[in-house]
Amino acid sequence: LYEPLVKAAPTPRDRGDALVLRGELYEDALGDAAQAKQSYESAVAVDPNHRVAWINLERMALRSGDATAALRALERLADLTRDPARRSRLLIELAAEQARVGTPAALEESARRLHEAAALPLGRWRALLELERFGEQHGRPEDVIFALESRATLAQEVAEGEAFQGGSGAFSVSRLL
C-alpha cells in the first residue's frame, strides 16, 4: 500500500515519512514487528534526523529488550532535540541507561551527559540532583561535589532573582507564595 508513496517521495524527508507510515501499518495493523522495524530503520537510513522513526525504534527496542538499540535511539533523539527542557530530560534518561551498562566508558559517557543536561537553561536542578545520585552510586566524589556546589550556586542565584530564565528547575520561594 505504501510502496508507491515510498518510491515516489521527492525528498529524503518525504521518503522517511512514507517509510514510517509503512512501519506503523506493519506494526499496528498487521502485527509484523520485524517488517515494522525494518521500515523504521530504512527511514533513519534515508533521513537520519527523522524523529518519529527514532521514537518508534526506541519503543520497539524497549519492548523487545534490546538495550543496545534502545540506547542508540535514545542517544540520537537527545542529539536531535533542541528544546532545552525536553533535551534535559532525554539526556538524564540517556545517562541513566548508560549507567546501567556499567562499564567505565559507559559511566564516563553517563557523567558527560548529566553535566551536559546541567548546563542547559531548563532542568538544571533536576540534572544536578541526578548527577549527585549518580556520583554517590558509582563512587565518583568529583561528580557529587560538582553537583552540590552547583546546586548551592543555583539556589543562591534563584533566591536573588538572577537565574530563573523561565525555569531552572530550582525551587523558588517567590514562586511558592
J.: Looking only at side chains, do D17 and H50 share a donor and an acceptor under 3.5 Å apart?
T.: yes
J.: I need the minimum non-hydrogen distance between G135 and D143, along with the two atoms involved.
T.: CA-CB, 4.1 Å
J.: Quick one: pull up CG in L131 and CD in E142 and give me the separation to the nearest 0.5 Å.
T.: 9.0 Å
J.: Inspect the contact between D83 and R86 and indicate whether a charged nitrogen and a carboxylate oxygen are less than 4.0 angstrom apart.
T.: no
J.: Are there over 12 heavy-atom neighbours, none belonging to R72, within less than 6.0 Å of that residue's CZ?
T.: no
J.: Taking the side chain as every heavy atom from C-beta outward, state whether E97 and S110 have any atom pair closer than 4.5 Å.
T.: no
J.: Side chains of N49 and R13: donor-acceptor distance under 3.5 Å anywhere?
T.: no
J.: Nearest heavy-atom pair of A36 and Y26: which atoms, and what distance?
T.: N-CB, 3.7 Å
J.: Would you call R89 and I92 a side-chain contact if the rule is heavy atoms closer than 4.5 Å?
T.: no
J.: From R133 CZ over to L129 CG, what is the distance, rounded to the nearest 0.5 angstrom?
T.: 5.5 Å
J.: Is E136 close to E132 at the side-chain level, that is, under 4.5 Å between some pair of heavy atoms?
T.: yes
J.: Linking I/L/V/M/F/W/Y whenever any side-chain heavy atoms sit under 4.5 Å apart, do L62 and L57 land together?
T.: no
J.: Is there a side-chain contact between F134 and L107 in this structure, where contact means two heavy atoms from C-beta onward sitting under 4.5 Å apart?
T.: yes
J.: Hey, what do you get for CH2 (W125) to CZ (R151), rounding to the nearest 0.5 Å?
T.: 4.5 Å
J.: For the backbone of Q137 and the side chain of R140, can you confirm whether one donor and one acceptor N or O come within less than 3.5 Å of each other?
T.: no
J.: Taking L128 as the starting point, is it possible to reach I145 by hopping between hydrophobic residues whose side chains are less than 4.5 Å apart?
T.: no
J.: For the side-chain hydrogen bond (donor to acceptor under 3.5 Å, both in side chains) test, which of Q35, R59, K37 pairs with E27?
T.: R59
J.: Under the side chain to side chain donor-acceptor pair (under 3.5 Å) rule, collect the residues that match up with E75, sequence neighbours excluded.
T.: R113
J.: Walk me through it: do L120 and S88 pass the test side-chain contact (heavy atoms from CB on, under 4.5 Å)?
T.: CA-CA 7 Å; L120 292 171; S88 177; 3.9 Å; yes
J.: Looking at every non-hydrogen atom in both residues, tell me the closest pair between A99 and H138 and how far apart they are.
T.: CB-NE2, 3.9 Å
J.: Got L91 and L114 here, is their nearest side-chain heavy-atom distance under 4.5 Å?
T.: no
J.: When rounded to the nearest 0.5 angstrom, what distance separates OG1 in T11 from CZ in R15?
T.: 9.0 Å
J.: For the CZ atom of R124 and the CG atom of L154, what is their distance to the nearest 0.5 Å?
T.: 5.0 Å
J.: Can you give me the closest heavy-atom contact between L77 and L90, atom names plus distance?
T.: O-CD1, 3.9 Å
J.: So does A147 get a backbone contact from the side chain of S150, meaning a donor-acceptor N/O pair under 3.5 Å?
T.: no
J.: So do the side chains of Y40 and L19 get within less than 4.5 Å of each other, counting heavy atoms only?
T.: no
J.: Do R51 and E58 meet the salt-bridge criterion of a basic N to acidic O distance under 4.0 Å?
T.: no
J.: Working to the nearest 0.5 Å, report the span between OG of S39 and CG of L25.
T.: 9.0 Å
J.: Please list all pairs passing the ring-ring contact (aromatic ring centres under 6.0 Å, His included) test where one or both residues lie in residues 56-105, with sequence neighbours left out.
T.: none
J.: Under 4.5 Å between side-chain heavy atoms, counting indirect links through other Ile/Leu/Val/Met/Phe/Trp/Tyr residues: same cluster for F146 and V144 or not?
T.: no
J.: So which heavy atom on V46 is nearest to which on P12, and how close?
T.: CG1-O, 3.4 Å
J.: Under 4.0 Å between a Lys/Arg side-chain N and an Asp/Glu carboxylate O for E116 and R87?
T.: yes
